[in-house]
Amino acid sequence: MKKELVITYGLLLLLTVATLVVLNFEVNDFIQRTLIITLFSAKFLLIVFQFMELKKAHVFWKAAVIVFLSLFSLIIVFL
């Protein structure tokens with residue numbers, strides 16, 4: 001495997017463990033939800049740009065994915 005893929009896979013595992021840690025925090029519900037969505041967004045962007053090779057795509061598709069993710073995250077956090 002390429003070193004870049006191994007590093008990305010390690011980051012995904014680390015973000016998953018971080019999500020489990022955030023779930024066990026005794027903090028405000030809004031803060032916990034925001035942290036979980038932020039970690040989800042980071043994992044989503046890693047997967048999309050690395051494994052689906054969106055980094056080679058047209059700028060429109062990159063922007064469209066980021067705008068979609070932003071809108072989705074904001075809707076989830078503020079509902």
Side-chain angles (χ1 to χ4, degrees):
M1 249 201 252
K2 292 183 182 177
K3 186 176 181 179
E4 188 176 295
L5 292 177
V6 172
I7 292 171
T8 304
Y9 183 66
L11 281 172
L12 288 171
L13 288 174
L14 184 68
L15 288 171
T16 302
V17 170
T19 303
L20 291 173
V21 170
V22 168
L23 281 172
N24 292 324
F25 279 163
E26 295 293 330
V27 293
N28 187 357
D29 190 38
F30 177 76
I31 295 171
Q32 187 177 33
R33 195 170 45 212
T34 304
L35 287 172
I36 291 172
I37 290 297
T38 303
L39 291 170
F40 159 77
S41 299
K43 288 192 296 188
F44 181 82
L45 290 175
L46 274 173
I47 290 170
V48 166
F49 280 98
Q50 183 64 38
F51 295 115
M52 296 174 67
E53 296 186 5
L54 192 67
K55 59 186 171 187
K56 298 177 184 176
H58 192 272
V59 175
F60 170 78
W61 293 111
K62 294 176 188 179
V65 166
I66 292 171
V67 167
F68 170 77
L69 179 63
S70 300
L71 289 174
F72 180 77
S73 298
L74 288 173
I75 289 170
I76 296 293
V77 167
F78 290 111
L79 276 181

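Here the structure is a predicted model, which means the values were calculated and not measured. Note that the numbering runs from 1 along the sequence shown for the chain. Heavy atoms only: backbone and side chains are in, while hydrogens, waters and symmetry mates are out.
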Single-linkage hydrophobic cluster, 4.5 Å side-chain cutoff, Phe40 and Leu74 together: yes

Minimum heavy-atom distance Ile76-Arg33, with the two atoms named: O-CD, 3.9 Å

Shared hydrophobic cluster for Val27 and Leu23 (ILVMFWY, side-chain gaps under 4.5 Å): yes

Taking every non-hydrogen atom, the tightest pair across Leu5 and Phe51: CD2-CE2, 3.6 Å

Donor-acceptor contact below 3.5 Å, side chain Gln32 vs main chain Glu26: no

Worked check of side-chain contact (heavy atoms from CB on, under 4.5 Å) between Leu45 and Ile66: CA-CA 8 Å; Leu45 290 175; Ile66 292 171; 4.3 Å; yes

Between CG on residue Asp29 and OG1 on residue Thr34, distance to nearest 0.5 Å: 9.0 Å

All salt bridge (charged side-chain N to carboxylate O under 4.0 Å, His left out) counterparts of Glu53, not counting sequence neighbours: Lys56

Pairs touching residues 4-15 that satisfy side-chain hydrogen bond (donor to acceptor under 3.5 Å, both in side chains), sequence neighbours left out: Glu4-Gln50, Glu4-Lys55

Least distance between heavy atoms, Leu15 atom then Ala42 atom: CD1-CB, 3.9 Å

Distance (rounded to the nearest 0.5 Å) between Leu46 CG and Ser41 OG: 11.0 Å

Hydrophobic cluster membership, Phe44 vs Leu71, 4.5 Å side-chain cutoff: no

Co-membership, hydrophobic cluster, residues Leu11 and Leu13, 4.5 Å side-chain: no

Euclidean distance, Ile7 CD1 relative to Leu14 CG, rounded to 0.5 Å: 13.0 Å

Contact list for residues 10-25, test side-chain hydrogen bond (donor to acceptor under 3.5 Å, both in side chains), sequence neighbours left out: none

Step-by-step side-chain contact (heavy atoms from CB on, under 4.5 Å) determination, Val48 to Leu69: CA-CA 11 Å; Val48 166; Leu69 179 63; over 6 Å; no

Transitive ILVMFWY side-chain link Leu35 to Phe30, under 4.5 Å: no

